[in-house]
J.: 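One structure is given below, represented as structure tokens, and several questions about it will come after.
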2 protein chains.
Amino acid sequence: MAGNAREPGVSVASRVLAVLGAFDAAHDRLTLSEIARRSGQPLATAHRLVAELERWGGLTRSDDGAYGIGRRLWDVGTLARVERDLRDVASPFLQDVHRTTRETVHLAVRDGLHALYVDRLVDRTTAQVLSRAGARLPLHATAVGKVLLAQAPGDVVRAALTDPVRVTPHTITEPGRLHREVAEVRRRGFARTAEEMTPGAWSVAVPIALPGGGVVASLGIVVASPRRDLVRLVPVLQVAANGIGRELPPGWTPT
Amino acid sequence: MAGNAREPGVSVASRVLAVLGAFDAAHDRLTLSEIARRSGQPLATAHRLVAELERWGGLTRSDDGAYGIGRRLWDVGTLARVERDLRDVASPFLQDVHRTTRETVHLAVRDGLHALYVDRLVDRTTAQVLSRAGARLPLHATAVGKVLLAQAPGDVVRAALTDPVRVTPHTITEPGRLHREVAEVRRRGFARTAEEMTPGAWSVAVPIALPGGGVVASLGIVVASPRRDLVRLVPVLQVAANGIGRELPPGWTPT
DNA sequence: CCACGAACTTCCACTGAGCGGAAGAGGCTG
DNA sequence: CAGCCTCTTCCGCTCAGTGGAAGTTCGTGG
């Protein structure tokens with residue numbers, strides 16, 4: 001007997017990665033069976049890999065049997081460029097902005113067709129506006145996203161503005177209007193949103209550019225009321241953004 | 001012909017993990033050869049694994065040929081418990097403490113015989129006191145460390161205080177004195193250090209406990225001058241620590 | 001201009017690590 | 001206690017993984 005029928009062309013490495021890929025923001029704790037299902041692998045195979053990952057410290061298992069990402073993988077993730085350089089440099093500036101405005105501050109880079117939130121600062125008092133470090137939100141519905149879009153290659157802009165997702169009743173979904181808006185962001189040097197991503201949230205954002213000129217990230221503020229003077233915060237953001245750009249290693253890319 | 005002589009007993013998974021393990025705080029960018037050397041694998045083997053990791057997005061290669069940790073792994077690391085729950089809950093409180101004191105704030109958990117810094121807040125103006133998120137420092141030479149030690153199992157305390165490393169001229173290295181100090185920390189509810197880890201740095205820290213009673217983390221402040229009134233900051237820390245403890249999911253552990 | 005070395009990439013035939021169906025163990029529920 | 005679920009262990013077949021070696025690219029210095 002002894003069963004076998006190894007699915008061909010699948011490397012062990014990719015199986016390991018499939019296990020890691022089974023975890024995401026909405027599924028940060030999984031049972032063995034869930035991991036097997038979500039990674040598309042037989043239970044026995046998943047079991048073996050998970051056990052090895054746990055032994056190494058990449059996964060941890062809690063009393064209830066569920067697995068979560070372990071410290072070892074957290075350590076490794078911490079070494080990523082996005083995290084290390086940008087966060088380290090930007091963190092004090094985010095604090096400056098937060099201290100003078102008392103509003104939620106966001107730091108994001110472009111990741112494909114999404115804005116990837118690298119860091120954020122929230123008041124305990126302020127309503128949770130969503131978004132945590134690591135979150136990915138659509139480019140066309142967020143202020144940081146529009147800023148990043150304004151500096152992105154033409155094909156990215158086209159792809160992002162083709163059939164844009166409607167997130168709230170206020171989300172702008174007409175490609176034409178979005179193209180015009182992105183052009184205006186490029187001209188004016190900042191972007192705004194009004195409840196386009198989250199009901200009850202208004203925001204502005206500015207680009208973070210290297211001294212050389214390349215835009216590498218975006219810095220934004222989110223407030224919970226339709227303040228007309230939101231634009232007045234733009235200079236605050238710009239000072240911080242310039243500071244961050246200057247302190248980044250020359251030639252830095254978020255890749 | 002074709003050479004071979006596969007080293008036995010080494011799983012592919014462990015080879016993948018060895019590649020990841022080649023990266024650390026001091027080596028966040030490595031060339032292929034370095035990865036091969038540091039992970040103890042033949043060049044050709046490392047090459048294959050690295051290529052697969054890169055394809056998945058776990059590693060990125062920059063123009064100069066060096067590899068770094070990629071976004072995909074950053075994402076995964078972001079899902080770790082230490083990161084997610086603790087950071088999310090504690091972040092606003094760290095900001096509160098920072099706003100009222102204007103000093104460097106640290107959040108740490110115990111990881112074996114080290115204090116693992118999960119988050120920190122620094123002024124741009126303040127001298128960089130060392131430590132970034134992800135750093136591991138000895139338990140006996142830091143305030144957060146002493147706090148964590150005060151609540152640790154007996155064998156951990158013994159192991160940590162046996163032959164303690166001398167970091168600065170002020171580091172306390174007599175096991176007896178350290179044991180007494182740890183007992184006092186337990187009694188008093190907070191710990192201090194005076195240039196024991198970094199010359200020119202003084203600190204206090206308090207435990208973060210769950211409503212149930214278990215200490216899960218430590219919150220500390222570092223200042224750059226030997227202020228006598230450092231102890232006056234303890235109540236500020238305690239208020240924040242209580243708040244964090246209350247908001248953590250019941251039964252939370254940093255594992 | 002070419003020789004030399006170092007870092008990287010590709011190739012390929014052998015073989016043991018990995019595979020997964022199946023059976024067993026434990027636990028919860030109706 | 002039968003039924004169902006999740007987890008763990010077992011084992012013989014086989015193909016994915018292996019690593020020495022050859023080829024490629026690049027930089028250096030003679």
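Values in this document were obtained by computation on a predicted structure and should not be read as measured data.
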J.: Of all the choices, D:dG17, C:dG21, C:dC8, which nucleotide is nearest to the side chain of A:Pro42 once you look at every atom?
T.: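 The listed nucleotide nearest to A:Pro42's side chain is C:dG21.
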J.: If you take any heavy atom closer than 4.0 Å to DNA chain D, which residues from residues 46-61 of chain A end up in contact?
T.: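 Output list: A:His47, A:Arg61.
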J.: OP1 or OP2 of D:dT18 less than 4.0 angstrom from a side-chain nitrogen or oxygen of B:Thr45, does that happen here?
T.: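 Checking B:Thr45 against D:dT18: no side-chain N or O falls below 4.0 Å of OP1 or OP2.
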J.: Looking only at side chains, do A:Ser14 and B:Arg55 share a donor and an acceptor under 3.5 Å apart?
T.: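 Note: A:Ser14 and B:Arg55 side chains miss the donor-acceptor criterion.
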J.: Take atom CG of B:Asp63 as the centre, draw a 6.0 Å sphere, and report whether it contains more than 12 heavy atoms from other residues, nucleotides or ligands.
T.: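 It does not: B:Asp63 CG has 12 such atoms or fewer within range.
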J.: Would you compute the distance between atom CG of B:Leu43 and atom CG of B:Leu32 and round it to the nearest 0.5 angstrom?
T.: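 Interatomic distance, B:Leu43 CG to B:Leu32 CG, rounded to 0.5 Å: 5.0 Å.
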J.: So A:Leu86 and A:Trp252, side-chain contact (heavy atoms from CB on, under 4.5 Å) or not? Walk me through it.
T.: CA-CA 9 Å; A:Leu86 184 53; A:Trp252 189 87; 3.7 Å; yes
J.: Taking CD1 from A:Ile35 and P from D:dT6, how many angstroms apart are they, rounded to a whole number?
T.: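 Rounded to the whole Å, the gap is 13 Å.
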J.: Find the distance B:Arg15:CZ to D:dA16:P and express it as a whole number of Å.
T.: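 In whole Å, D:dA16 P lies 16 Å from B:Arg15 CZ.
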J.: Of the options D:dG17, C:dT9, D:dT8, whose atoms approach the side-chain atoms of A:Ser11 most closely?
T.: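 Within the option list, the nearest is D:dG17.
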J.: Side chain of A:Val12: nearest nucleotide among C:dT9, D:dA16, D:dT18?
T.: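 It is D:dA16.
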J.: Could you give the distance from CG (B:Leu137) to NE2 (B:His106), rounded to the nearest 0.5 Å?
T.: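 So the gap between those two atoms works out to 8.0 Å.
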J.: Would you say the side chains of A:Glu52 and B:Ser11 form a donor-acceptor pair under 3.5 Å?
T.: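 There is such a pair (donor and acceptor under 3.5 Å, judged by atom type) between the side chains of A:Glu52 and B:Ser11.
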J.: Side chains of B:Thr253 and B:Arg81: do they bring a donor and an acceptor to under 3.5 Å?
T.: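 Their side chains do not contain a donor-acceptor pair, so the 3.5 Å distance test is not met.
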J.: DNA chain D: A:Ser33 or B:Gln41, which has the more 5' nearest nucleotide?
T.: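 Per heavy-atom nearest nucleotide, the more 5' residue is A:Ser33.
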J.: Nearest to the A:Thr31 side chain among D:dA21, D:dT6, D:dC7, which nucleotide is it?
T.: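 When the side chain of A:Thr31 is considered, D:dC7 is the closest of D:dA21, D:dT6, D:dC7.
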J.: Whole-Å distance between C:dC8 C1' and B:Asp64 CG?
T.: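 Distance, rounded to whole Å: 14 Å.
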J.: Can you identify which nucleotide, out of D:dG17, C:dG21, D:dT8, has its nearest atom closest to the A:Tyr67 side chain?
T.: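 Ranking D:dG17, C:dG21, D:dT8 by closest atom to the A:Tyr67 side chain puts D:dT8 first.
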J.: Please answer whether the main-chain N or O of B:His114 pairs with a side-chain N or O of B:Arg136 as donor and acceptor at a distance below 3.5 Å.
T.: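 Checked: no pair found.
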J.: Rounded to the nearest Å, what distance is computed from the CG atom of residue A:Leu43 to the C1' atom of nucleotide D:dC5?
T.: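 In whole Å, D:dC5 C1' lies 11 Å from A:Leu43 CG.
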J.: Specify the separation, in whole Å, of atom CG of B:Asp63 and atom C1' of D:dC26.
T.: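 Roughly 16 Å, once rounded to whole Å.
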J.: At what angle, to 10 degrees, do the two end axes of the helix from C:dC1-D:dG30 to C:dG30-D:dC1 meet, given five pairs define each axis?
T.: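 The angle separating the two end axes equals 40°.
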J.: Check the pair A:Arg38 / A:Glu34 against salt bridge (Lys or Arg N to Asp or Glu O under 4.0 Å), numbers first and verdict last.
T.: CA-CA 6 Å; A:Arg38 290 174 58 86; A:Glu34 286 168 338; over 6 Å; no
J.: As a test of reading the structure: which of D:dT8, C:dG18, D:dA21 is closest to the side chain of B:Ala44, going by heavy atoms?
T.: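 Minimum distance to the B:Ala44 side chain belongs to D:dA21.
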